[in-house]
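Beneath this line is the structure, given in structure tokens, with notes to follow.
The first residue in the sequence is number 1, and the count goes up from there.
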Amino acid sequence: MIELHDHRIKRLKMRSMRRGIKEMDLILSHFAEIALERMTEEELVNYDLLLAENDHDLYSWVTGSAAAPAEFAPMIGQIVAGLQGPSV
């Protein structure tokens, strides 16, 4: 069964909010609100894969205490940029 675009966005937003650690709930739900609607299908698939990763690994990647795997590095960069707010 093919998932409708709107359903995918809603599912990804929910998965972004319901994480294992509160810090990732906050980081990913913020990112999902500002970015998911603009993502391409390929980016949505990659974000879905990213959400399957362990929260402690994700937190390490976002904070820069560990390097993100190459397949997730661009998305982690977007998440970090979203935390820093708009460029002035």
Euclidean distance, [Y] [atom2] relative to [X] [atom1], rounded to 0.5 Å:
X: Ile34; Y: Gln78; atom1: CD1; atom2: CD; answer: 9.5 Å
X: Asp6; Y: Arg11; atom1: CG; atom2: CZ; answer: 13.0 Å
X: Leu12; Y: Ser29; atom1: CG; atom2: OG; answer: 13.0 Å
X: Asp57; Y: Met24; atom1: CG; atom2: CE; answer: 10.0 Å

Original post:
Under a 4.0 Å N-O cut-off, is there an ion pair linking Arg15 with Asp48?
Top reply: yes
Subject >> Glu41/Arg8 ion pair, N-O < 4.0 Å >> reply: yes
Taking all heavy atoms of [X] and all of [Y], pick out the closest pair and write down the distance.
X: Ser16; Y: Arg19; value: O-CG, 3.3 Å
X: Leu44; Y: His5; value: CD1-CE1, 3.5 Å
X: Ala32; Y: Tyr47; value: CB-OH, 4.2 Å
X: Ile76; Y: Ala68; value: CG1-CB, 3.9 Å

**OP:** Inspect the surroundings of CD in Glu42 and state if more than 12 heavy atoms from other residues, nucleotides or ligands are less than 6.0 Å away.
**Re:** no
Original post:
Hey, mind stepping through Leu58 and Phe72 against side chain to side chain contact (heavy atoms under 4.5 Å, CB included) and telling me if it holds?
Top reply: CA-CA 10 Å; Leu58 288 170; Phe72 296 131; over 6 Å; no
Original post:
Would Met75 and Met39 satisfy side chain to side chain contact (heavy atoms under 4.5 Å, CB included), going step by step from the backbone distance to the final call?
Top reply: CA-CA 11 Å; Met75 185 73 60; Met39 285 187 185; 3.7 Å; yes
Is [X] linked to [Y] within one hydrophobic cluster, defined over Ile, Leu, Val, Met, Phe, Trp and Tyr using a side-chain heavy-atom separation of less than 4.5 Å?
X: Ile21; Y: Leu51; value: yes
X: Leu83; Y: Leu28; value: yes
X: Leu49; Y: Trp61; value: yes

Original post:
Other than Met17, what residues sit in its cluster of Ile, Leu, Val, Met, Phe, Trp and Tyr side chains whose heavy atoms are under 4.5 Å apart, directly or through others?
Top reply: Met14
Subject >> Test item: Asp25 and Lys22 side chains (from C-beta on) under 4.5 Å apart, heavy atoms >> reply: yes
